Amino acid sequence: MKIAAYSVVPAEKPYFEQWSKDHHVEVKLISAPLSSANLAEAADCVGVSVQQPSTLGGADFYQQFTQMGLKYIGVRSAGIDFVNLAECQKHGIKVTNVPAYSPRAIAEMGLTQALALLRKLGEYRTEMAQGKFSLNPHLISNEIYNLTVGLIGLGHIGGETARLYRALGAKVIAYNRSHKVEYESVVEYTDFDSVITQSDIISLHTPLTSATEGMIGAPELHKMKDNAILINMSRGRLVDTAALIAALESHQIAGAGLDTLANEAAFFRKDVPVDQLPADYRTLAAMPNVIITPHVAFYTTTAIKNMVNIGLDNIYQQEKN
Ligand code: NAD
């Protein structure tokens, strides 16, 4: 058996090599994302292991895929929206994904950013760079167990996030589309509006859908407490960026931690000259009460190992059965 792995990054290589050795399966490592242009590199393979973002192509791609004798597309992460499932069904191509490679990784990044914002580390860094070391009455903090944390979306990541905040003694309230009994011991279920108006930390964990796009806009930001910290580890387009900038500039809310931005595809995962960065990114990045990370909340050794191992296992198990 042979599998071609595309979009392979250096951090994944040792895990691919170990899995290959353990399973006696040859895995061809290719750093470029899979497309029609490099599909031929998967000749003699049973399937491909892929990662987003990839642009697979139209109907021709899936026809060529089948003609080459390839049977499986194993996505190494949760999102499979870049795969044309109708074409796969038509050609009998089996598609698998890794729905939960490490929810804890993303939950910990959200918590890390929230605590850094709560304790005003950015503001202290700015003050100290100016030689200001005296107690600033504007920079006094609260402690997490006095606070209410509101979660919107209580799935794999929202659930782990709830457990972390509960472990620190915070009151955790949550709004989710459906009631999940498994989180009853760590959250109080409530409605969307109560999360917005009552929370000191608001953490977003829904997928991006037509129902969630722009769910945090000017009206929601206006209703938040003036000490509220907004955490978005999910998808940039859940938040209206212009409205967020306005709310931060007018001190309607206290801060924001963002691992995703609405326009991130233009510059995240790339090296970009600083003067070519989007204006909204530069405005946010210059604020001491904002933390931006380039969609790396998932990027831990545990998550990378699980993406590789579970992604390859999914292909291997199907071929063996
Ligand atoms: P999940 O499917 O386990 O949970 C999503 C939850 O949102 C579900 O409980 C669902 O019921 C709820 N939901 C969906 N639509 C809703 C709506 N309109 N209103 C209220 N609740 C709604 O997904 P997950 O694994 O927890 O991931 C959540 C999101 O996190 C992903 O969709 C993705 O966008 C993002 N993510 C980010 C990173 C990162 O590195 N920053 C990594 C992985 C995932």
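Note that the structure is predicted; figures quoted are calculated from it, not measured.
- The backbone N or O of V25 lies less than 3.5 Å from a partner atom in the side chain of S20, making a donor-acceptor pair.
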TODO: Assess whether side-chain contact (heavy atoms from CB on, under 4.5 Å) is satisfied between I144 and I201, documenting all intermediate values.
DONE: CA-CA 10 Å; I144 189 78; I201 296 169; 3.8 Å; yes
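- Minimum interatomic distance between A114 and I229 (heavy atoms only, all atoms of both residues): O-CD1, 4.1 Å.
- Annotation: the span from L261 atom CG to H295 atom NE2 amounts to 10.5 Å, rounded to 0.5 Å.
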Open item on the list: One pair to check against side-chain contact (heavy atoms from CB on, under 4.5 Å): T161 and I106. What are the steps and the verdict?
Closed with: CA-CA 8 Å; T161 303; I106 296 102; over 6 Å; no
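- Here the OH-OG distance, from Y189 to S178, works out to 7.5 Å after rounding to the nearest 0.5 Å.
- Rounding to the nearest 0.5 angstrom, the gap separating the CG atom in L277 from the OG1 atom in T283 is 11.0 Å.
- Under the 4.5 Å side-chain heavy-atom criterion for Ile, Leu, Val, Met, Phe, Trp and Tyr, Y15 and Y316 are members of the same hydrophobic cluster.
- For F268, the CZ atom sits in a packed shell: over 12 heavy atoms of surrounding residues, nucleotides or ligands are nearer than 6.0 Å.
- Of the inter-residue distances, the one linking S134 atom OG with L139 atom CG reads 10.0 Å to the nearest 0.5 angstrom.
- With contacts defined as side-chain heavy-atom distances shorter than 4.5 Å, the pair F267/Q276 does not qualify.
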- [ ] Apply the test ring-ring contact (aromatic ring centres under 6.0 Å, His included) to residues F65 and H91: give CA-CA distance (whole Å), side-chain angles for both, the deciding distance (0.1 Å), then the verdict.
- [x] CA-CA 9 Å; F65 193 90; H91 293 284; 9.2 Å; no
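- Side-chain contact between W19 and D313 is present, with heavy atoms from C-beta onward closer than 4.5 Å.
- Applying the 6.0 Å contact sphere to CD of E213 captures more than 12 heavy atoms from other residues, nucleotides or ligands.
- Heavy-atom neighbours of K225 NZ from other residues, nucleotides or ligands within 6.0 Å: above the threshold of 12.
- Using modelled atom types, no side-chain atom of N232 and backbone atom of L258 make a donor-acceptor pair closer than 3.5 Å.
- Closest approach of N142 to R119, counting heavy atoms only: O-CD, 4.1 Å.
- Of the possible donor and acceptor atoms, one in the side chain of K270 sits under 3.5 Å from a partner among the backbone N and O of A265.
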TODO: Show your working on side-chain contact (heavy atoms from CB on, under 4.5 Å) between L284 and L248 and close with a plain yes or no.
DONE: CA-CA 9 Å; L284 284 167; L248 288 162; 3.8 Å; yes
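- For the residue pair Q18/D22, the side-chain donor-acceptor check at 3.5 Å is satisfied.
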TODO: Would you please test R235 and T260 for side-chain hydrogen bond (donor to acceptor under 3.5 Å, both in side chains) and show each step?
DONE: CA-CA 5 Å; R235 284 292 179 270; T260 59; over 6 Å; no
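- The backbone N or O of T206 lies less than 3.5 Å from a partner atom in the side chain of S234, making a donor-acceptor pair.
- Panel note: side chain N306, backbone A303; no donor-acceptor pair is recorded below 3.5 Å.
- A single hydrophobic cluster is seen to contain both L164 and L147, as judged by linkage of ILVMFWY side chains at heavy-atom distances under 4.5 Å, directly or through other members.
- In the displayed structure, D271 atom CG is contacted under 6.0 Å by at most 12 heavy atoms of other residues, nucleotides or ligands.
- The two residues S36 and L56 come nearest to each other via the heavy atoms OG-O, 3.6 Å.
- Of the possible polar contacts, one joining the E12 side chain to the V9 backbone as a donor-acceptor pair under 3.5 Å is found.
- Without hydrogens or angle criteria, S141 side chain to L118 main chain gives a donor-acceptor distance under 3.5 Å.
- Around the NZ atom of K305, the shell of radius 6.0 Å holds no more than 12 heavy atoms that belong to other residues, nucleotides or ligands.
- Under the 4.5 Å side-chain heavy-atom criterion for Ile, Leu, Val, Met, Phe, Trp and Tyr, L151 and L115 are members of the same hydrophobic cluster.
- Heavy-atom minimum distance, A247 versus L221: CB-CB, 3.9 Å.
- Of all non-hydrogen atoms in V172 and Y165, the two that sit nearest each other are CG2-CB, 3.8 Å.
- Formation of a donor-acceptor pair under 3.5 Å by the D259 side chain with backbone atoms of A297 is found in this model.
- To the nearest 0.5 Å, atom CD of residue E188 and atom OG of residue S194 are 10.5 Å apart.
- Here the side chains of H205 and L154 are not in contact, with every heavy-atom distance at 4.5 Å or above.
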Task: Pair F298-I304, side-chain contact (heavy atoms from CB on, under 4.5 Å): steps then yes or no - done: CA-CA 8 Å; F298 76 97; I304 291 290; 4.2 Å; yes
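- Defined by atom type and a distance below 3.5 Å, a donor-acceptor pair is present between the side-chain atoms of Y72 and E319.
- Checking side-chain atoms of N97 against main-chain N and O of V75 turns up no donor-acceptor pair under 3.5 Å.
- Proximity of a side-chain donor or acceptor of R76 to a complementary backbone N or O of S49 within less than 3.5 Å is detected.
- Between M215 and L204, the shortest heavy-atom contact is SD-CD2, 4.5 Å.
- By the rule that hydrophobic residues join a cluster once side-chain heavy atoms approach within less than 4.5 Å of another member, I80 and V308 end up as members of separate clusters.
- A salt bridge links E87 to K90: one of the charged nitrogens lies within less than 4.0 Å of a carboxylate oxygen.
- Within the 4.5 Å cutoff, the side chain of L312 has no heavy atoms near those of the H23 side chain.
- R163 CZ: more than 12 foreign heavy atoms inside a 6.0 Å radius.
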TODO: Please lay out, stage by stage, how Q64 and D60 fare under the test side-chain hydrogen bond (donor to acceptor under 3.5 Å, both in side chains).
DONE: CA-CA 6 Å; Q64 192 191 344; D60 290 357; over 6 Å; no
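- The closest side-chain heavy-atom distance from Q318 to K71 is not below 4.5 Å.
- Counting heavy atoms from C-beta outward, E108 and L111 have side chains that stay 4.5 Å or more apart.
- With contacts defined as side-chain heavy-atom distances shorter than 4.5 Å, the pair T66/I93 qualifies.
- I157 and L238 fall into different hydrophobic clusters, defined by Ile, Leu, Val, Met, Phe, Trp and Tyr side-chain heavy atoms under 4.5 Å apart, directly or through other members.
- Between I245 and M287, some side-chain heavy-atom pair lies under the 4.5 Å cut-off.
- Between atom CZ of residue F16 and atom CG of residue L29 there is a gap of 6.0 Å, rounded to the nearest 0.5 Å.
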